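Below is one structure; the comments refer to it alone.
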Amino acid sequence: MTPQKRYLTMPRLLSKSSIRAACVAIAFVHAGHAGNSDPPALETAIDAWVRAREWVDALKVPTVPPAPATPAAPPAPFSPADAAKAAPPAAPSAVGVVLRLRGRVVGTGIAFGPGPGVLERAVSKAIEPVDTDDFVLKLPRDERDAIGRELSLELELASEPQPMIGRTVGQIVARIEPALEALALRRGDRWTWTMPSVVQAANLASDPIRTCAAMLTQLAIDPRELPSQALPEGTSFYHAPTRRLAQLGPKDAPFEVIRGHEIIPLTVVGPAGRAEFAAAMCRHLRTHVTRPSPAAPSETGSLRALGIQGDYRPHLDRHRDLFAPPQDQAMAALALAAASNSPLLPEAERRKAAATAAQLLSALAEVAEVEQPPLESASAVALALLAELALDRGGTTTPARPEPFLESLREALAKSLAGGAALDHARAIELAAAAALATRGEPVVDRAVLDALLERAWSAPASTTLVEMLPWLLLAERERGSFDDPVRAKGIRERAEPVRRALLASQLGVGGPEESAPDAAGGFALTGGLRTVATSQSARPTLALAIMLGCPEFATPEELPDLLRCQLMALRFLRQLAVDERSCYAFRDAARTTGGVRDALWDSTQPVAATSMALLALVESERALRDAAERSRAANGKSGNP
């Protein structure tokens with residue numbers, strides 16, 4: 001059977017035309033960011049994938065052509081002075097292959113041209129270590145004999161490379177968009193390449209300096225002076241756009257990905273999509289809470305006190321730490337408690353979220369010897385109190401919370417507020433907790449003291465500090481009742497408006513810079529440097545903008561349409577960061593990975609704080625979107641959901 005016929009008969013496999021149609025949007029947008037070179041044609045990638053799949057099934061490449069001979073006339077060394085006149089170098093294209101068995105990487109291969117045989121060499125390199133992989137060797141003999149058909153394939157093709165401008169490695173690294181393009185290094189007539197798919201398989205894309213150091217070493221260049229090291233004479237870096245296909249399982253259709261994920265369209269964050277997103281994040285947080293079995297030995301019962309485990313690394317199926325620090329524990333409790341009060345979740349899921357939040361508060365109260373006491377962390381204290389208040393507000397029946405511990409938290413908060421703590425996000429969280437307690441009739445400081453502290457916080461000298469504090473200051477003002485006072489609400493807007501304008505001006509592809517790739521659209525480029533990147537830190541401004549969107553003083557009828565789009569785009573980016581069923585092809589345990597928010601588009605690590613903050617931002621956004629929809633209906637006499 002020919003590869004093309006086999007391709008069409010694979011279960012649930014799409015036709016070439018349907019795959020191409022699904023990828024057109026990605027290809028069109030991505031090509032605009034690739035300098036003078038476009039990614040390889042989609043048809044070329046599909047044909048290569050079909051051939052590679054056939055070889056992987058058989059664990060054999062029919063004939064591996066020899067590596068290319070040295071080009072007769074290699075391109076001259078590239079320098080910034082040549083930028084205006086340099087033509088694309090006569091450099092080879094490259095192929096990257098990643099083979100996985102149930103999400104576990106068992107083989108990778110990179111090969112480059114020129115000439116034929118690039119695909120064959122890359123697949124051959126990836127196949128070579130499969131038989132000796134430790135995990136494969138433990139399988140029964142009959143499974144090992146047919147292991148090729150059990151491997152999923154990720155294939156990436158690079159087009160012609162373009163030179164990168166920079167005199168030092170540090171200058172070049174500053175221009176690298178992590179995991180978006182292939183990177184090549186040439187020294188004289190010798191070349192070496194890295195491919196995003198292979199780098200991401202080891203979750204190393206966050207460290208381009210390390211990648212560059214490895215490439216320099218391969219060409220016998222000492223990398224010890226990175227990143228200030230100047231490139232030796234005759235050495236140049238290049239980048240090249242790629243086309244990348246992956247599959248969920250060995251018998252599934254390939255689909256196009258960028259940085260290991262499909263592009264999430266804006267329609268996915270409609271009402272139903274937001275509900276699914278919230279439920280997935282709640283399930284993810286619950287999954288990583290330590291719950292010893294009742295039948296387990298008594299000495300393991302103390303594990304219950306550890307609460308939620310540390311940041312999860314799905315490419316290894318391991319947590320960075322056995323337990324998360326108190327601040328992350330309390331943030332998870334707050335996010336789950338807030339979700340338990342949200343119409344996003346059905347009643348059964350709301351009860352589970354509330355129960356898990358209460359469990360995390362109990363775990364914070366029972367401090368194991370290896371843990372940091374939560375009373376030593378100002379933000380942990382404040383977040384735990386906010387979580388307790390959210391649980392009380394919901395009125396959901398949960399296990400009894402540790403009242404003596406809560407009283408200790410209140411005392412710690414009062415003591416901290418009485419001191420001269422620095423103006424930072426921890427102080428802002430404390431103010432939010434103090435305002436919420438005052439509203440409930442349990443003030444920890446006098447109203448005049450609270451107002452003075454808020455006044456000082458709003459006067460923070462550094463704009464970056466105010467950006468970090470903004471969501472919590474707004475939450476404090478809302479809890480205080482400031483938004484119900486038109487005069488005070490107007491004054492808050494005057495102070496917050498410059499920060500909001502700066503945030504919206506940093507939102508990629510919306511009101512700010514052009515996004516580097518379509519997967520970044522809606523994120524906030526909060527870091528400096530030459531790269532306009534966005535990470536999970538975008539959850540913080542998303543939360544702040546949601547609180548403002550819910551206040552009429554911050555969102556007039558004229559402003560509302562643009563602000564609604566900005567908010568939905570921000571949620572789209574957070575959803576892009578979350579792992580779903582389709583993106584689990586690269587991870588070992590789908591159940592433990594799905595719903596978690598990645599640290600960045602190129603970093604699969606799932607921090608507890610990232611998922612918790614994204615969940616809190618989504619809950620607040622849902623509240624704001626509903627309020628805004630009501631105001632819009634009242635103004636226009638229409639109905640509908642945002």
Side-chain angles (χ1 to χ4, degrees), residues 1-16 18-19 22-23 43-65 95-111 117-157 195 197-198 200-202 243-257 260 262 314-317 581-591 593:
M1 182 181 292
T2 65
Q4 287 78 10
K5 290 182 179 177
R6 179 186 178 281
Y7 179 88
L8 293 173
T9 58
M10 290 176 68
R12 294 196 292 131
L13 204 54
L14 302 176
S15 66
K16 290 184 181 181
S18 61
I19 295 174
C23 299
E43 288 298 332
T44 300
I46 293 173
D47 288 341
W49 192 92
V50 171
R51 293 163 59 202
R53 181 68 257 180
E54 190 84 5
W55 301 336
V56 170
D57 283 352
L59 275 191
K60 183 179 180 181
V61 178
T63 301
V64 180
V95 174
V97 175
V98 181
L99 300 179
R100 293 183 175 88
L101 179 61
R102 302 164 200 166
R104 178 189 300 266
V105 176
V106 294
T108 62
I110 296 176
V118 180
L119 179 64
E120 288 89 341
R121 290 195 302 276
V123 175
S124 182
K125 288 179 180 179
I127 287 174
E128 184 177 357
V130 170
D131 286 336
T132 57
D133 180 82
D134 290 341
F135 185 72
V136 174
L137 288 173
K138 295 176 183 177
L139 297 174
R141 182 56 183 267
D142 59 335
E143 291 187 35
R144 295 204 306 271
D145 290 343
I147 196 65
R149 294 184 177 276
E150 299 302 319
L151 302 179
S152 62
L153 168 65
E154 185 171 7
L155 178 70
E156 186 170 27
L157 307 182
M195 300 292 283
S197 55
V198 176
Q200 277 196 281
R243 180 86 62 184
R244 189 168 166 185
L245 301 179
Q247 61 179 158
L248 292 177
K251 295 179 175 61
D252 290 321
F255 55 94
E256 186 168 18
V257 295
E262 293 179 293
H315 73 294
L316 298 174
D317 190 23
E581 180 185 357
R582 296 277 287 179
S583 54
C584 273
Y585 76 89
F587 306 126
R588 301 186 183 191
D589 192 326
T593 308

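Bear in mind the structure is a predicted one, so any value in this text is a computation, not a measurement. When reading the values below, keep in mind they use all heavy atoms of this one structure, side chains included, and skip hydrogens, waters and symmetry mates.
Among residue pairs with one or both ends in residues 131-140, none qualify as side chain to side chain donor-acceptor pair (under 3.5 Å); sequence neighbours excluded.
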* For F587 and D589, what are the C-alpha separation, side-chain angles and deciding distance, and is it a side chain to side chain contact (heavy atoms under 4.5 Å, CB included)? -> CA-CA 6 Å; F587 306 126; D589 192 326; over 6 Å; no
* Check the pair L151, L59 against side chain to side chain contact (heavy atoms under 4.5 Å, CB included), reporting the backbone distance first and the verdict last. => CA-CA 10 Å; L151 302 179; L59 275 191; 4.2 Å; yes
* Any chance you could lay out the side chain to side chain contact (heavy atoms under 4.5 Å, CB included) test for L153 and L99, step after step, and finish with the verdict? => CA-CA 5 Å; L153 168 65; L99 300 179; 3.8 Å; yes
* To do: Run the numbers on D145 and R141 for salt bridge (Lys or Arg N to Asp or Glu O under 4.0 Å), then give the verdict.
  => CA-CA 6 Å; D145 290 343; R141 182 56 183 267; 3.1 Å; yes
* **Test side chain to side chain contact (heavy atoms under 4.5 Å, CB included) applied to K251 and E150, step by step** => CA-CA 8 Å; K251 295 179 175 61; E150 299 302 319; 4.1 Å; yes
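Among residues two or more places apart in sequence or in another chain, the salt bridge (Lys or Arg N to Asp or Glu O under 4.0 Å) test is passed with E156 by none. Qualifying side chain to side chain contact (heavy atoms under 4.5 Å, CB included) partners for E143, counting only residues two or more places apart in sequence or in other chains: R102, L139, P140.
Between P250 and R149 the shortest side-chain heavy-atom distance does not fall below 4.5 Å. At least one side-chain heavy atom of R144 sits under 4.5 Å from a side-chain heavy atom of V136. Contact of the H315 side chain with the Q200 side chain is not registered, since no non-hydrogen atoms from C-beta on lie closer than 4.5 Å.
Listed here is the closest heavy atom pair of V257 and E262: CG1-N, 4.2 Å. D252 and W49 get closest at one heavy-atom pair: O-CH2, 4.2 Å. The two residues V61 and S124 have their closest heavy-atom pair at CG2-N, 3.8 Å. For A48 against L155, the heavy-atom pair with the smallest separation is C-CD2, 3.6 Å. Here the closest non-hydrogen pair linking A45 and R243 is CB-CG, 3.6 Å. Across all their heavy atoms, V98 and A201 have their closest contact at CG1-CB, 4.1 Å.
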